[in-house]
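Both backbone and side-chain heavy atoms feed into the values below; hydrogens, waters and symmetry mates do not. Quick note on labels: first sequence line is chain A, next is B, and so on, each numbered from 1.
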Amino acid sequence: MDFSKLAELLFPKSTSTPEEIEARFPVRTLPENACVTRIGPSPTGFVHLGNLYNAVIGERIAHQSGGVFYLRIEDTDSKREVEGAVETLIRAMNYFGVSFDEGAAADGDNGIYGPYRQSRRREIYHVFAKKLVREGLAYPCFLTEDEINAIREQQTANKENPGIYGKYAEKSRSLTIEQIKENIDAGMEWVLRYRGVMTDEYISVEDAVRGRLEMPGNNMDFVLLKSDGIPTYHFAHVVDDHLMRSTHVIRGEEWISSLPMHIELFNALGWKAPIYCHTATLMKLENGGKRKLSKRKDPELALSYYQQEGISPDAVWEFLLTLLNSNYEEWRIAHPEADYREFPYSFKEMSISGALVDMDKLKSISKDVIGRMSAQRIYDEWLGWCRQYNEKFAGLITKYPEKTLAAINVGRNAAKPRKDIESWKQACDFMSFYYDETFTLCDEMSEQCSDEALRKAFFAKYIESYCHDDDQAVWFDKVKAITEKLGFAVKPKDFKKNPDQYKGSIVHITNMLRIALTGRANAPDIREVSHVLGEETVRMRLDMWK
RNA sequence: GGCCCGUUGGUCAAGAGGUCAAGACAUCGCCCUUUCACGGCGGGGACAUGGGUUCGAUUCCCGUACGGGUCACCA
């Protein structure tokens, strides 16, 4: 068979040479050891945690080495593509603080290695497809779906591996050029298949996170180009990551099993394969077992979930970093004030088994992250979130900017600052008592204070003696005096020792006060809160009880 | 089913051929404290399993079980 003739027959319109294409994608000039990484999401409209997970790795690896991190849209499956998905994806990545040096952008492309949407690189793939045909490494296949199904059934019955390979590929492989031309002229659809070689040899690949991976070499005649001329993932990956000069391919572990195909393709095209980094799958705990996060059942898989919940992007990053690099938490403890970008990310510290998405852990990290933020930053980020998800609260924040800032600062400047806020959504709930518009009574007063006469007596006395400008000591002395007068223990320990001698302790009294002022038992220091509320509000809330 | 990957407390995890198997989250107790937090101290809780190799294995090898992935003209 004259393969050159076949190549011309199959790709008459493809006139560029591989060399010309190579010249269009020059080797990058970068510092030594700089890494070039990317994410290659499919525009399905659903942006999930896994996308961010791999983006975090790629971004860190590239940027900490002075390299390049880019976005490539893998839209080779038109059936799954959703309108506007690319914009959604870019917006989500931006929201979570992932910045690309180059790649697909909402309004086109940014960078010279484009196009960055695979659907627009058809001609490029065809040049290399044609080269493979010319070298006898690829051939057109006219097998119909039914024929393939029939083969698979036969293979299943014979307990053989399913697929088009070896003798099962003979029918298509042995077509003469005349027969191929006839088929094409008759309008038959065809795909381009790689000509696999039956082999017992194993391939050995050094994975950056898993170490040496050994598996049987490829013998499949897998599809390179689909009948619409668009490449499969396998072919597009090899061509693009070579031309775009990726040094590291970071992707989920579900790709490990197709690694032999990719290695074979790199070899066939005479290219050096990138360093592969197969990451662990994100898992979820259910009924005592772990399972892969599912798009349908688990809202927390969607990136939008974290946005809606108001988890700060920084917290999500830190959470992912603790999952990704086992020494991250240690590093954070040693460098409490450092930016997470200063952390030296390493493949060596990556976990191989599937990590569980643990909301408790996320919340704990989030409290720390927000605890470290400046009040102004909290204000800005919280307000930004409210503008999108809680208009009413956005209104309150902007209506009372100073009060809000003061409220955020309550208890934060102490030696052991409070960590009350775990998300912007929860902040709206936690901070609601500061505003008259949202103030509500959430908690009941303790039973020691259930007596109405006692309650009235306390509030009457408190209001009477209340002086807004009292300092902490004077103010608390007054509280103690009233406590004593009402027959409550001033020292909680005294009450603990002799519960019969008192009606209760100062704990119950302050708890009553706190609920009156904030509507809840869980709130920061009463006097500090009072000063944020202002005298008028304080008196108003107290008057309700006298 | 074939092939591949994995298995240390509830979760994330460190770990070396050989003292009581780190740490974090969660949980419980105590302390601090005018509440709640924050913080501090402490408790409970783990090397899937059977064989080897070895003086000795959680660590190395083989098998088994379990979990996961993949076997498309989807990525």
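Rounded to whole Å, the C1' atom of B/rA16 lies 24 Å from the corresponding atom of B/rG51. Between the C1' atoms of B/rU58 and B/rU7, the separation comes to 12 Å (whole Å). The separation of B/rG23 from B/rG43, taken at their P atoms, amounts to 10 Å, rounded to a whole angstrom. Between B/rU8 and B/rA14, the two P atoms lie 10 Å apart (nearest whole Å). With P as the reference atom, B/rU53 and B/rU59 are 15 Å apart, rounded to whole Å. Comparing the C1' positions of B/rU33 and B/rG40 gives an interatomic distance of 13 Å, to the nearest angstrom. Between B/rU11 and B/rU27, the distance separating the two P atoms is 15 Å to the nearest Å. Taking atom P on both nucleotides, B/rA57 is separated from B/rG18 by 12 Å, rounded to a whole Å.
Checked against a 6.0 Å centroid threshold, the rings of A/W255 and A/Y233 count as neighbours. Between A/Y276 and A/H237, the ring centre distance stays below 6.0 Å. Between A/H335 and A/F343, a ring centre-to-centre spacing not shorter than 6.0 Å is recorded.
A salt bridge is absent between A/D525 and A/R527; no separation between the charged side-chain nitrogens and carboxylate oxygens falls under 4.0 Å. Salt bridge absent: A/R80 and A/E74 never bring a charged side-chain N and a carboxylate O closer than 4.0 Å. A salt bridge is defined here as a Lys NZ or Arg NE, NH1 or NH2 lying under 4.0 Å from an Asp or Glu carboxylate O, and A/E318 with A/R332 meets this definition.
OP1 and OP2 of B/rU70 both lie 4.0 Å or more from every side-chain N or O belonging to A/S258.
Counting non-hydrogen atoms under 4.0 angstrom, A/R152 reaches the backbone sugars and phosphates but no base. The residue A/E214 sits close only to the backbone: its heavy atoms come under 4.0 Å of sugar-phosphate atoms, none of a base. Across all strands shown, A/L143 has heavy atoms under 4.0 Å from base atoms, whether or not it also approaches the sugar-phosphate.
If you take OG1 on A/T518 and CZ on A/F430, they are separated by 8.5 Å, rounding to the nearest 0.5 Å.
Stacking of A/R541 on the aromatic ring of A/F439 is recorded, both the 6.0 Å distance cut-off and the 45° axial limit being met.
Per the geometry, CG belonging to A/N219 stands 12 Å off C1' belonging to B/rG2, to the nearest Å. Across the protein-nucleic acid pair, A/F46 atom CZ and B/rA75 atom P stand 19 Å apart, rounded to whole Å. When rounded to the nearest whole Å, the span between CG of A/N161 and P of B/rC3 equals 8 Å. Rounded to whole Å, atom C1' of B/rC74 lies 8 Å from atom NZ of A/K79. As a whole-Å value, the separation of A/M215 CE from B/rG2 C1' is 12 Å. In this structure, the CG atom of A/L213 is 15 Å from the P atom of B/rU70, given to the nearest Å. We find that CG of A/L259 is positioned 13 Å from P of B/rC4, with the value rounded to whole Å. If you measure from atom CE of A/M261 to atom P of B/rA75, you get 11 Å, rounded to the nearest angstrom.
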- At under 4.0 Å between heavy atoms, which parts of nucleotides 21-30 of chain B does protein reach? Answer with one letter per nucleotide, 5' to 3': B base, S sugar-phosphate only, - none. -B-BS-----
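Below the 3.5 angstrom threshold, one finds a donor paired with an acceptor across the side chain of A/S227 and the base of B/rC73.
The shortest distance between side-chain heavy atoms of A/L259 and A/H278 falls below 4.5 Å. Using a 4.5 Å cut-off on side-chain heavy atoms (C-beta onward), A/Y194 and A/N218 make contact. Side-chain contact between A/W190 and A/N183: absent, with no pair of heavy atoms (C-beta onward) separated by less than 4.5 Å.
Taking every heavy atom of residues 186-204 of chain A and every atom of RNA chain B, pairs under 4.0 Å involve A/V191, A/R193, A/Y202, by number.
Under the salt bridge (charged side-chain N to carboxylate O under 4.0 Å, His left out) test applied with A/D221, the options A/R173, A/K171, A/R193, A/K167 reduce to a single match, A/R173.
Each of A/E349 and A/I256 was assigned the nucleotide of RNA chain B with the nearest heavy atom; the assignment lying further toward the 5' end belongs to A/I256. Heavy-atom nearest nucleotides on RNA chain B were determined for A/W255 and for A/G163, and the one closer to the 5' end corresponds to A/G163.
No more than 12 heavy atoms of other residues, nucleotides or ligands lie within 6.0 Å of CD in A/E83, so this atom counts as exposed by the packing criterion.
A side-chain donor from one of A/N54 and A/T279 sits under 3.5 Å from a side-chain acceptor of the other.
Of the candidate nucleotides B/rC73, B/rG68, B/rC12, B/rC73 has the atom nearest to the side chain of A/V223.
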For nucleotides 33-37 of chain B, which of its nitrogen or oxygen atoms have a protein nitrogen or oxygen under 3.5 Å away, and what is each distance?
residue : atom : partner : partner atom : Å
B/rU34  : O2'  : A/T510  : OG1          : 2.7
B/rU34  : O4   : A/Q472  : NE2          : 2.4
B/rU34  : O4   : A/D525  : OD1          : 3.4
B/rU35  : N1   : A/R514  : NE           : 3.3
B/rU35  : N1   : A/R514  : NH2          : 2.7
B/rU35  : O2   : A/R514  : NE           : 2.6
B/rU35  : O2   : A/R514  : NH1          : 3.1
B/rU35  : O2   : A/R514  : NH2          : 3.4
B/rU35  : O2   : A/A521  : O            : 2.9
B/rU35  : N3   : A/R514  : NE           : 3.4
B/rU35  : N3   : A/R514  : NH1          : 2.6
B/rU35  : N3   : A/R514  : NH2          : 2.6
B/rU35  : N3   : A/A523  : O            : 3.1
B/rC36  : O2'  : A/N522  : OD1          : 2.7
B/rC36  : O2'  : A/N522  : ND2          : 2.9
B/rC36  : O2   : A/R418  : NH1          : 3.2
B/rC36  : O2   : A/R418  : NH2          : 2.5
B/rC36  : O2   : A/N522  : OD1          : 3.3
B/rC36  : N3   : A/R418  : NH1          : 2.9

- For RNA chain B, the dot-bracket notation using Watson-Crick and G-U wobble pairs below 3.5 Å, [ ] for pseudoknot-type crossings and | for other-strand pairs, is (((((((..(((.....[....))).(((((.......)))))....(((((..]....))))))))))))....
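Legend: residues meeting salt bridge (Lys or Arg N to Asp or Glu O under 4.0 Å) with A/K226, ordered by chain and number and at least two apart, are absent. For A/K367, there are no salt bridge (Lys or Arg N to Asp or Glu O under 4.0 Å) partners, not counting sequence neighbours.
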